[in-house]
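In what follows, chains are A, B, ... by sequence order, proteins preceding strands, each numbered from 1. Values reported hereafter were calculated over all heavy atoms of this structure, with side chains retained and with hydrogens, waters and symmetry mates removed.
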2 protein chains.
Amino acid sequence: MPSHPGSENPGAETAAVVDLTAAIIAVSNEEPRILTVGEAGRNGGDGLDSLPSGPLEPGDRTLEAGLRRWVERQTGQTLGYVEQLYTFGDRNRALTGPAGPRVLSIGYLALVREARPAQAEAAWKGWYRYLPWEDWRDGRPEVLDRLQPALVEWAGRAPTKDDIRLRENRLGLTFGLHGGSWNDERVLERYELLYEAGLVPEAHRDGAAAPPECAGAAVDTANPMTADHRRILATAIGRLRGKIKYRPVVFELMPPAFTLLQLQRTVEALAGVRLHKPNFRRLVKRQGLVEETGETALETGGRPASLVRFRQEVTLERPAPGVRLPIVRRTG
Amino acid sequence: MPSHPGSENPGAETAAVVDLTAAIIAVSNEEPRILTVGEAGRNGGDGLDSLPSGPLEPGDRTLEAGLRRWVERQTGQTLGYVEQLYTFGDRNRALTGPAGPRVLSIGYLALVREARPAQAEAAWKGWYRYLPWEDWRDGRPEVLDRLQPALVEWAGRAPTKDDIRLRENRLGLTFGLHGGSWNDERVLERYELLYEAGLVPEAHRDGAAAPPECAGAAVDTANPMTADHRRILATAIGRLRGKIKYRPVVFELMPPAFTLLQLQRTVEALAGVRLHKPNFRRLVKRQGLVEETGETALETGGRPASLVRFRQEVTLERPAPGVRLPIVRRTG
DNA sequence: CCCTTATATACTCGAAGCGAGTATAAGGAG
DNA sequence: CTCCTTATACTCGCTTCGAGTATATAAGGG
């Protein structure tokens with residue numbers, strides 16, 4: 001056990017319980033999905049969905065091994081691509097009060113190729129069900145019509161004039177209000193802003209930032225999740241949206257052979273934004289991300305598309321292969 | 001306490017000790033520095049440097065609060081910008097054997113404005129002292145002359161021909177060997193590769209990946225650190241190098257007023273790469289990152305340079321303001 | 001058989017960004 | 001006054017990117 005200089009009470013280390021939580025993502029039918037386990041039937045649950053999770057156990061040699069063990073036990077899924085996201089450990093975020101043991105939850109992002117039927121308790125759900133304001137594929141989502149006035153009002157409730165301007169600027173950067181543009185990667189910032197504004201039920205549940213004046217909870221029409229799982233989901237989406245732009249991770253979600261349009265639809269589903277078709281094709285081809293299989297897909301409805309597969313070699317060639325996305329301007 | 005479905009032994013949660021470790025960075029005299037606390041005088045220490053760190057205590061409401069408390073106690077530094085990096089929890093990384101309590105260490109990156117005289121035990125050290133192969137400002141560092149043959153030999157030691165090609169490709173991507181280019185952000189990947197190759201003493205100390213045939217430890221002329229602190233430093237540098245390109249974090253390290261060349265030298269110090277002066281100026285100006293103070297710096301040695309300050313407003317205006325860097329091509 | 005429709009695929013154009021180089025301005029030292 | 005040093009401004013060419021348009025190839029209906 002390491003001793004630390006400056007420690008007045010050497011035995012004061014917190015004995016923490018480490019919780020491992022996975023945001024497992026797949027894409028099917030042009031819809032990004034998240035693997036959830038229902039909370040309804042047990043624990044006096046409130047019917048909210050959860051992410052697969054469980055405590056680290058002494059037998060786990062690595063954190064990732066513990067995560068894989070839990071996910072397989074709870075959902076039957078074997079994980080491929082896994083990446084650590086963030087470690088949460090604030091007192092108010094934990095389920096236990098200040099008296100109970102410290103709970104540390106480590107969030108992970110995992111990608112799996114296909115949404116095969118999961119175990120009884122587990123289910124794949126579209127992720128925009130939990131964060132509907134993130135889906136701009138069919139234009140500005142209507143949830144924002146309800147959210148926007150509440151957000152603007154929240155900005156106006158700031159104590160000083162400077163604080164009001166600060167909040168308005170934050171709204172511009174995150175939600176594209178006041179002339180700002182929509183940035184698909186700022187998923188977590190948007191969620192945290194809604195949390196701060198008291199517009200998601202989690203904020204009231206945790207007892208943090210719940211001023212009685214705001215009629216917040218009524219505005220959020222999305223499904224919340226247990227504990228801080230929706231925050232972890234938001235973190236995962238933001239990280240994934242960022243990563244597809246400079247690493248070929250989309251292909252972890254694609255079948256062995258696919259058409260370029262299928263690839264585009266998958267990227268659009270993840271990013272929540274529509275792309276310019278000719279430019280997307282040009283980009284993918286110039287980067288050498290795919291190669292033709294020789295076969296064609298006939299079920300397109302129009303001219304048959306040639307099937308392609310991912311070129312594993314690019315991982316070894318180019319320093320930053322990925323699918324760059326356009327900046328959606330002027331959406332406020 | 002949450003109960004988890006599928007848990008065969010509900011009481012099997014690991015009681016872990018949480019260690020908070022900070023990589024605190026400042027830049028002075030065109031040299032990036034890291035705040036260290038010496039290990040020499042205590043604990044039967046091996047004379048290695050450490051990063052400020054200490055266990056999370058029950059009184060800490062948030063993880064960051066615990067970190068700030070430790071840093072202030074050990075070094076007298078008050079932290080400004082703080083960002084979580086990664087959580088390490090593997091068995092072999094911990095100081096204790098498989099029998100002892102689980103140690104989880106959470107790494108943080110912190111930026112402070114000036115290297116004011118730290119507390120007795122603490123000291124600012126140039127970070128390239130620990131990772132000398134990362135400094136390409138005066139051309140290719142000579143350490144690589146010693147490292148390169150060992151790396152090439154390590155690649156050749158792979159079991160199969162495919163594995164050899166894989167390792168060679170990794171060398172190309174990380175160290176720019178075999179015709180690859182140098183990417184300043186892959187600091188962690190380079191350190192981990194050296195670790196795997198048994199070329200840093202930490203690998204032998206941990207007992208991981210230490211094949212007796214390699215004369216590894218002799219090659220690494222850099223200073224190691226205690227525990228996994230050098231890995232955390234590598235993580236911090238990589239993250240910082242990436243972040244300055246799309247967020248105006250460099251200014252956390254600058255004095256209130258500075259010249260454009262001073263800014264450029266700071267960026268170069270962090271990135272470990274030289275930049276094209278006219279292009280750097282054009283970039284900073286076009287992005288609107290700075291504004292003139294009206295005063296001039298006379299001690300330049302040539303024509304006086306006008307002093308500028310950071311424009312706080314850009315944080316609220318542009319979605320991704322930062323200092324883009326060139327790609328150094330063909331360095332193998 | 002031709003026409004419509006739907007999708008795939010190829011090509012073009014202009015604007016912006018960037019790497020690289022060059023020219024001019026304004027201080028100090030001798 | 002000349003030289004040296006650094007600051008600052010400008011130019012050129014290449015690449016990338018957003019956006020739009022044109023052509024190819026299937027199915028199906030009259």
Side-chain angles (χ1 to χ4, degrees), chain A residues 30 181-184 245-246 257-268 271 273-308 318-331, chain B residues 30 181-184 245-246 257-268 271 273-308 318-331:
Chain A
E30 306 189 358
S181 61
W182 181 263
N183 184 330
D184 61 290
K245 289 165 197 161
Y246 62 94
F258 48 89
T259 70
L260 286 179
L261 186 60
Q262 282 168 2
L263 181 65
Q264 182 182 342
R265 292 284 178 252
T266 305
V267 173
E268 288 173 340
V273 165
R274 286 269 169 244
L275 301 176
H276 189 272
K277 190 164 160 179
N279 289 351
F280 180 83
R281 297 173 59 85
R282 175 176 63 183
L283 192 75
V284 172
K285 292 197 144 182
R286 185 167 41 80
Q287 298 234 53
L289 291 171
V290 297
E291 62 190 359
E292 311 235 335
T293 64
E295 293 163 57
T296 53
L298 293 163
E299 63 283 5
T300 53
R303 170 175 170 178
S306 70
L307 285 168
V308 296
R318 297 184 39 81
V323 191
R324 279 192 268 309
L325 301 179
I327 305 154
V328 182
R329 304 177 203 278
R330 287 287 306 110
T331 55
Chain B
E30 305 188 1
S181 60
W182 181 263
N183 185 328
D184 61 290
K245 289 164 198 163
Y246 62 96
F258 50 89
T259 70
L260 286 179
L261 186 59
Q262 281 168 3
L263 181 65
Q264 182 182 342
R265 292 283 179 254
T266 305
V267 173
E268 288 174 339
V273 165
R274 287 266 168 246
L275 300 176
H276 189 273
K277 190 165 161 178
N279 290 350
F280 180 83
R281 296 172 58 85
R282 174 177 64 185
L283 193 75
V284 173
K285 291 197 145 181
R286 185 169 40 79
Q287 298 234 51
L289 291 171
V290 296
E291 62 191 358
E292 311 235 336
T293 63
E295 293 164 55
T296 53
L298 293 163
E299 62 283 3
T300 54
R303 170 175 169 177
S306 71
L307 285 168
V308 295
R318 299 184 37 83
V323 189
R324 278 192 269 309
L325 300 179
I327 304 154
V328 181
R329 303 176 203 278
R330 288 286 307 109
T331 56

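Tested against A:Asn279, the residues A:Lys277, A:His276, A:Arg281 include a single side chain to side chain contact (heavy atoms under 4.5 Å, CB included) partner, A:His276.
Proximity of A:Ser306 to the phosphate of C:dA8: no side-chain N or O atom is located under 4.0 Å from OP1 or OP2. For B:Lys285, a side-chain nitrogen or oxygen approaches OP1 or OP2 of D:dA9 to under 4.0 Å.
The nearest whole Å value for the distance from the CG atom in B:Asn279 to the C1' atom in D:dA9 is 13 Å. For the pair B:Leu263 CG and D:dT8 P, the computed distance is 13 Å after rounding to whole Å. A:Arg281 has its CZ atom 4 Å from the P atom of C:dT9, to the nearest Å. The distance from atom CD of A:Gln262 to atom P of C:dA8 is 9 Å, rounded to the nearest whole Å. Per the geometry, NZ belonging to B:Lys277 stands 12 Å off P belonging to D:dA9, to the nearest Å. Across the protein-nucleic acid pair, B:Glu292 atom CD and D:dA7 atom P stand 13 Å apart, rounded to whole Å. Note: CZ (A:Phe280) to P (C:dA10) measures 15 Å, nearest angstrom. When rounded to the nearest whole Å, the span between CG of B:Leu307 and P of D:dT6 equals 17 Å.
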At a cut-off of 3.5 Å, list every protein nitrogen or oxygen paired with a nitrogen or oxygen from nucleotides 25-30 of chain C, distance to 0.1 Å.
from	atom 1	to	atom 2	distance (Å)
C:dA25	N3	B:Arg303	NH1	3.1
C:dA26	O4'	B:Arg303	NE	3.4

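Comparing D:dT6, C:dG19, D:dA19 by their nearest atom to the side chain of A:His276 picks out D:dA19. Candidate nucleotides D:dT8, D:dG20, C:dC18 were compared by shortest atom distance to the side chain of B:Arg286, and C:dC18 ranks first.
Judged purely by atom type and a 3.5 angstrom limit, A:Thr293 uses its side chain to pair as donor or acceptor with the backbone of A:Leu307. Remark: the backbone N or O of B:Thr259 is paired with a side-chain donor or acceptor of B:Gln262 at under 3.5 angstrom.
Contacts of B:Leu260 with the nucleic acid, taken as non-hydrogen atoms under 4.0 Å apart, are absent.
One can find a donor-acceptor pair under 3.5 Å joining the base of C:dG19 and the side-chain atoms of B:Arg282.
Between the CG atom in B:Leu263 and the CZ atom in B:Phe280 there is a gap of 4.0 Å [rounded to 0.5 Å]. Taken to the nearest 0.5 Å, the CG atom of B:Leu283 stands 7.5 Å off from the CG atom of B:Leu289.
Every residue two or more places apart in sequence or in another chain was checked for a side-chain hydrogen bond (donor to acceptor under 3.5 Å, both in side chains) with A:Glu295, and none qualifies. With sequence neighbours left out, the salt bridge (charged side-chain N to carboxylate O under 4.0 Å, His left out) criterion links B:Arg265 to B:Glu30, B:Glu268.
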